[in-house]
Amino acid sequence: MEQNKLKILSTIDNPTQLRLMKPELLPKLCAELREDIIQELSVNPGHLASSLGVVELTVALHYVFNTPDDRIVWDVGHQAYGHKILTGRRDQFCTNRKLHGIRPFPSPEESEYDAFICGHASNSISAALGMAVAANSLQTEAKSRKVVAVIGDGAMSGGLAFEGLNNVSSSPNDLLIVLNDNDMSIDRSVGGMKEYLLGLSTNETYNSVRFKASRWLASQGLLTDDRKKGIIRLTNALKSAISQQQNIFEGMNIRYFGPFDGHDVKELVRILKQLKDMKGPKLLHLHTKKGHGYAPAENYKPVWHAPGKFDPNTGELKQGDSKNKPPKFQDVFGETLLELARQNPRIVGVTPAMPTGCSMCIPMAEMPDRMFDVGIAEGHAVTFSAGMAKDGLLPFCNIYSAFAQRAYDNIIHDVAILRLPVVLCLDRAGLVGEDGPTHHGAFDLAALRPIPNVTIASPLDEHELRRLMYTAQLEGKGPFVIRYPRGCGSLVDWRCPLEEIPVGTGRKLREGDDVAILAIGPIGNDALKAAVECAMYNQVQCAVYDMRFLKPLDEQILHEVGRKYRRIITIEDGVRNGGLGSAVLEWMSDHDYQPHITRLGLPDQFVEHGTVAELRQIVGLDIESIKKAIVAPLGAEGGAS
């Protein structure tokens with residue numbers, strides 16, 4: 001954005017300069033910061049509405065706390081664009097989410113101001129508590145360090161947040177938890193007397209007297225930890241009795257303040273200054289609006305969470321022409337789930353806070369009583385699905401692949417052991433692009449393959465997705481995983497009859513005598529293109545197989561390939577270690593076949609952010625890399641790799 005329009009913001013390169021400002025200038029700074037975010041994201045898309053909703057809080061936190069020595073842990077990180085701009089990355093913010101540019105979420109590897117990694121929700125309280133305990137334990141300058149956890153945008157619904165709260169109430173610490181309540185999770189009414197009491201609670205005189213009294217009682221040996229907790233419970237009980245309200249935080253011996261207006265920056269500064277040096281754990285509850293200050297984002301929050309490119313003046317979204325283009329896999333899922341649910345009354349849908357992102361909103365519009373949004377609670381989503389399956393329903397539980405990592409034990413303990421008919425649809429499998437390593441669906445194939453009783457499949461295209469979904473809901477199929485990527489498929493005419501695919505069967509897509517390519521998922525389309533080009537220009541004839549299933553493998557295909565080919569290439573959009581390539585290697589060894597096997601997949605490292613095309617080129621999964629593997633001389637890969 002033009003610097004002459006950012007008269008105040010352009011003078012701030014770090015929070016130290018921010019803290020030199022007069023308080024009366026802070027509202028103007030907030031307006032400029034909000035405008036900068038809007039202008040930048042209109043041409044370089046990202047998470048807009050969440051960051052707009054915490055502009056005032058971001059400014060107030062950096063104004064009051066001595067960052068980076070004091071720690072601010074964001075939860076979730078897509079709220080933190082203003083934080084990035086204020087902490088030395090304003091000039092680089094135009095590279096946000098671009099290859100080799102600013103990371104999509106805060107990371108200590110990028111900036112000392114980023115206290116912790118925060119791509120997944122609900123981890124802030126646990127991480128910040130650890131930092132607060134460390135600060136109290138270290139006999140260094142860190143002893144005076146302040147630690148703040150900013151949790152919001154629905155993250156408080158995650159079970160990890162409550163595990164952290166439970167520990168906060170029982171561990172010695174001075175943690176400040178800021179609950180950014182943007183009407184996505186907690187929303188409490190407020191009474192007049194309660195406002196008075198809460199105003200008193202943040203009054204400097206009140207806290208000074210309270211601190212001196214507690215210090216005197218401690219010096220007389222009258223204020224043990226148990227008595228201190230009892231006094232906190234008593235004061236909380238008095239607040240609750242007078243205000244005729246109570247909340248979970250007070251019941252956990254965490255001092256509660258609020259709710260306050262999260263968009264009044266000067267009032268936020270006053271409150272934070274009073275809470276900054278207060279001893280013991282405390283929670284500040286703020287009401288904010290997601291998308292605040294930009295009417296289009298305020299009025300339709302789901303779309304403006306990550307709207308893509310748009311006209312900042314009119315709010316018009318700049319969507320490309322979708323006519324005669326393949327649909328998104330997620331939309332095929334949503335439409336097919338609706339179609340199946342109309343036919344099968346036992347089918348229900350479960351999503352952890354992603355009805356729009358996974359397109360479960362499509363059947364939800366027609367069948368709201370059969371589609372469940374359980375909030376940011378992936379483990380609960382799986383176990384909730386297991387409970388319904390145990391008593392006769394047939395749940396389709398849709399979770400982004402990277403987020404399903406948080407439900408690993410639930411998949412094993414609550415679904416697989418009992419072989420319950422839960423269909424686990426993993427959206428955003430493989431490389432997702434600009435959201436980077438916290439969101440790539442890299443590990444699902446390798447992580448789920450060792451689990452008994454689980455079927456694992458990945459469709460080549462939209463027709464295969466529909467048929468796999470139909471197959472998964474048939475009687476006796478047990479736990480059934482279907483993984484598919486973000487974005488569009490390959491078929492414009494995507495509707496097809498719903499037919500069963502025999503479990504554990506693949507298919508041959510192309511004949512060839514020189515090399516066998518075994519692929520799983522949509523990346524098989526690129527394998528097919530590479531094979532055709534190699535036949536045309538390099539005189540290498542490749543047979544291409546769509547394996548469909550990682551578990552169980554098609555042993556008929558493997559025997560055919562093992563007997564006929566000296567060279568096999570496996571291709572998967574997941575980690576190379578433990579996935580399809582490893583499964584094929586193990587099978588060939590177990591059956592005394594000794595082909596040369598080249599495994600193409602994601603390397604043993606976290607892949608950065610960038611477009612999917614850029615990242616595939618980097619990791620060697622683009623068409624050109626596949627062609628190089630095909631024409632490479634036998635042994636050039638250094639044996640089975």
Side-chain angles (χ1 to χ4, degrees), residues 26 30 50 53-61 63-65 72-75 79 122 124-125 128-129 132 146-157 161-162 164-165 168-169 173-207 210 232-290 292:
L26 296 181
C30 290
S50 298
V54 295
V55 165
E56 288 80 10
L57 174 59
T58 302
V59 170
L61 285 170
Y63 191 76
V64 172
F65 290 91
I72 300 175
V73 182
W74 292 94
D75 188 1
Q79 301 177 100
S122 310
S124 61
I125 296 174
L129 174 61
K146 313 300 180 186
V147 183
V148 183
V150 182
I151 183 168
D153 217 26
M156 188 60 88
S157 68
F162 287 92
L165 282 172
V168 165
S169 66
N173 67 88
D174 299 324
L175 178 64
L176 170 61
I177 302 167
V178 178
L179 173 57
N180 170 32
D181 176 5
N182 59 11
D183 295 327
M184 299 291 288
S185 52
I186 301 171
D187 186 18
R188 297 180 56 213
S189 58
V190 182
M193 179 59 75
K194 184 161 178 278
E195 285 288 359
Y196 165 76
L197 285 173
L198 294 170
L200 175 66
S201 294
T202 59
N203 179 271
E204 185 174 3
T205 303
Y206 167 84
N207 283 306
R210 185 179 183 278
I232 293 175
R233 285 195 295 268
L234 175 62
T235 57
N236 287 337
L238 290 173
K239 286 183 184 180
S240 300
I242 295 174
S243 64
Q244 297 183 340
Q245 296 181 20
Q246 191 174 27
N247 64 60
I248 188 172
F249 312 112
E250 293 168 347
M252 300 178 80
N253 297 326
I254 299 171
R255 295 189 66 189
Y256 172 87
F257 303 92
F260 295 101
D261 180 3
H263 298 303
D264 186 339
V265 65
K266 291 194 286 187
E267 180 66 3
L268 287 177
V269 167
R270 183 193 74 81
I271 295 168
L272 290 171
K273 284 184 175 179
Q274 298 304 319
L275 297 181
K276 179 180 179 181
D277 295 314
M278 189 177 294
K279 297 297 181 181
K282 51 262 175 200
L283 183 140
L284 173 61
H285 183 182
L286 302 178
H287 274 162
T288 64
K289 278 188 178 181
K290 194 169 181 176
H292 180 73

I want to check something: taking the side chain as every heavy atom from C-beta on, are [X] and [Y] in contact at a cut-off of under 4.5 Å?
| X | Y | value |
| --- | --- | --- |
| Ile177 | Leu165 | yes |
| Tyr63 | Val265 | no |
| Trp74 | Ile72 | yes |

Inset, instruction - Let me see the working for Asp153 and Lys290 under side-chain contact (heavy atoms from CB on, under 4.5 Å), right down to the final yes or no. - result: CA-CA 8 Å; Asp153 217 26; Lys290 194 169 181 176; 3.2 Å; yes
Legend entry - Ile125/Val168 under side-chain contact (heavy atoms from CB on, under 4.5 Å): CA gap, chis, key distance, verdict: CA-CA 8 Å; Ile125 296 174; Val168 165; 3.7 Å; yes
Inset, instruction - Establish, from distance only, whether the side-chain atoms of Gln79 and Asn180 form a donor-acceptor pair under 3.5 Å. - result: yes
Inset, instruction - Before giving the answer on side-chain contact (heavy atoms from CB on, under 4.5 Å), spell out for Asp174 and Met278 the whole-Å C-alpha distance, their side-chain angles and the decisive distance to 0.1 Å. - result: CA-CA 7 Å; Asp174 299 324; Met278 189 177 294; over 6 Å; no
Inset, instruction - Report yes or no: does His285 contribute a side-chain atom to a donor-acceptor pair with the main-chain N or O of Tyr256 at less than 3.5 Å? - result: no
Inset, instruction - Using side-chain hydrogen bond (donor to acceptor under 3.5 Å, both in side chains) as the criterion, list what pairs up with His292, not counting sequence neighbours. - result: none
Legend entry - Non-neighbouring partners of Ala132 that pass side chain to side chain contact (heavy atoms under 4.5 Å, CB included), sequence neighbours left out: Val147, Asn173, Leu175
Legend entry - Residues in side chain to side chain contact (heavy atoms under 4.5 Å, CB included) contact with Lys276, at least two apart in sequence or another chain: Val64, Phe65, Asp70, Lys146
Over all atoms of both residues, closest heavy-atom pair of [X] and [Y]:
| X | Y | result |
| --- | --- | --- |
| Thr288 | Gly262 | CG2-CA, 3.8 Å |
| Phe257 | Lys282 | CE1-CB, 3.7 Å |
| Gly164 | Leu129 | O-CD2, 4.2 Å |
| His263 | Glu56 | ND1-OE1, 3.1 Å |
| Ala155 | Ser122 | O-OG, 2.6 Å |

Inset, instruction - Dump the intermediate steps for side-chain contact (heavy atoms from CB on, under 4.5 Å) on Val150 and Leu57, then the final yes or no. - result: CA-CA 9 Å; Val150 182; Leu57 174 59; 3.8 Å; yes
